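As the structure is a computational prediction, the values presented were derived from the model and not from experiment. We count residues from 1, following the sequence as given.
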Amino acid sequence: MDIGRLAKTNQDIAAAIDGAGAPKVDDGTSLQKDTVTELTKAADGYLEVQKKLDALPNADQAKFADGLRSVADQVQQLASLSTQAQGKLQRGDLGSAMAKQEGCKPGSAAAAPTSPATGGPSDGATGAPAAGTAGGASPAASDASGAQAPSTPAPTASAS
């Protein structure tokens, strides 16, 4: 699995938010700090998962599958943390302002990629769409207000 890509994506988004400065909304400084902290925590968690996956025995398919299942819940929790952090930026006046920016528009070329074929994440163990995803859509597809939130790339299998 290429969980490292998820870690890098969360790190890059956190750095971009940090570099953009505090948004000019109520509690903008707190919103920025909290979002960066949560995305960094998700990135660190993905790096831990990648270490666990790299240590799995790949000579025994059953043990490897058990190992994948053992981290599936952790990956789902990290995806949720990342999605919630990004979703905070998609609400209210800040969300409206971001939606007007070229790289933040839903479906823009600058939007983060989704997994091939399904357009959404997989649970990593079975390849089935992860819990909480409807019709293969990214869990970050929208928040309660219907605003589009950026998605993180779904984990993909790799030879490592």
TODO: Kindly indicate, with the supporting measurements, whether the criterion side-chain contact (heavy atoms from CB on, under 4.5 Å) is fulfilled by Leu39 and Ile17.
DONE: CA-CA 10 Å; Leu39 289 168; Ile17 292 168; 3.7 Å; yes

Task: Lys/Arg N to Asp/Glu carboxylate O, Asp54 vs Lys51, below 4.0 Å - done: no

Task: Nearest heavy atoms of Gln86 and Asn10, plus distance in Å - done: NE2-OD1, 4.4 Å

- [ ] Please determine if Glu38 and Lys41 form a salt bridge, counting it only when a charged side-chain N lies under 4.0 Å from a carboxylate O.
- [x] no

TODO: Taking atom CG of Asp93 as the centre, report whether more than 12 heavy atoms of other residues, nucleotides or ligands fall under 6.0 Å from it.
DONE: no

Task: Side-chain donor-acceptor pair present, Gln76, Ser80, cut-off under 3.5 Å - done: no

Task: Any residue meeting side chain to side chain donor-acceptor pair (under 3.5 Å) with Lys8, in chain and number order, not counting sequence neighbours - done: Asp12

TODO: Give a yes or no on whether the backbone of Arg5 and the side-chain of Thr9 come within a donor-acceptor separation of less than 3.5 Å.
DONE: yes

- [ ] Check salt bridge (Lys or Arg N to Asp or Glu O under 4.0 Å) between Lys33 and all other residues, then give those that pass, not counting sequence neighbours.
- [x] none

Open item on the list: Is it the case that over 12 heavy atoms from other parts of the model lie below 6.0 angstrom from the CG atom of Asp34?
Closed with: yes

Task: Gln32 versus Pro23, closest heavy-atom pair with distance - done: CB-CD, 4.0 Å

Task: Distance, nearest 0.5 Å, that separates CD of Gln74 from CD of Glu48 - done: 7.5 Å

Open item on the list: Restricting to non-hydrogen atoms, name the atom on Leu68 and the atom on Leu56 that form the minimum distance, rounded to 0.1 Å.
Closed with: N-CD1, 3.9 Å

TODO: Return yes if a side-chain donor-acceptor contact under 3.5 Å exists between Gln77 and Asp73, otherwise no.
DONE: no

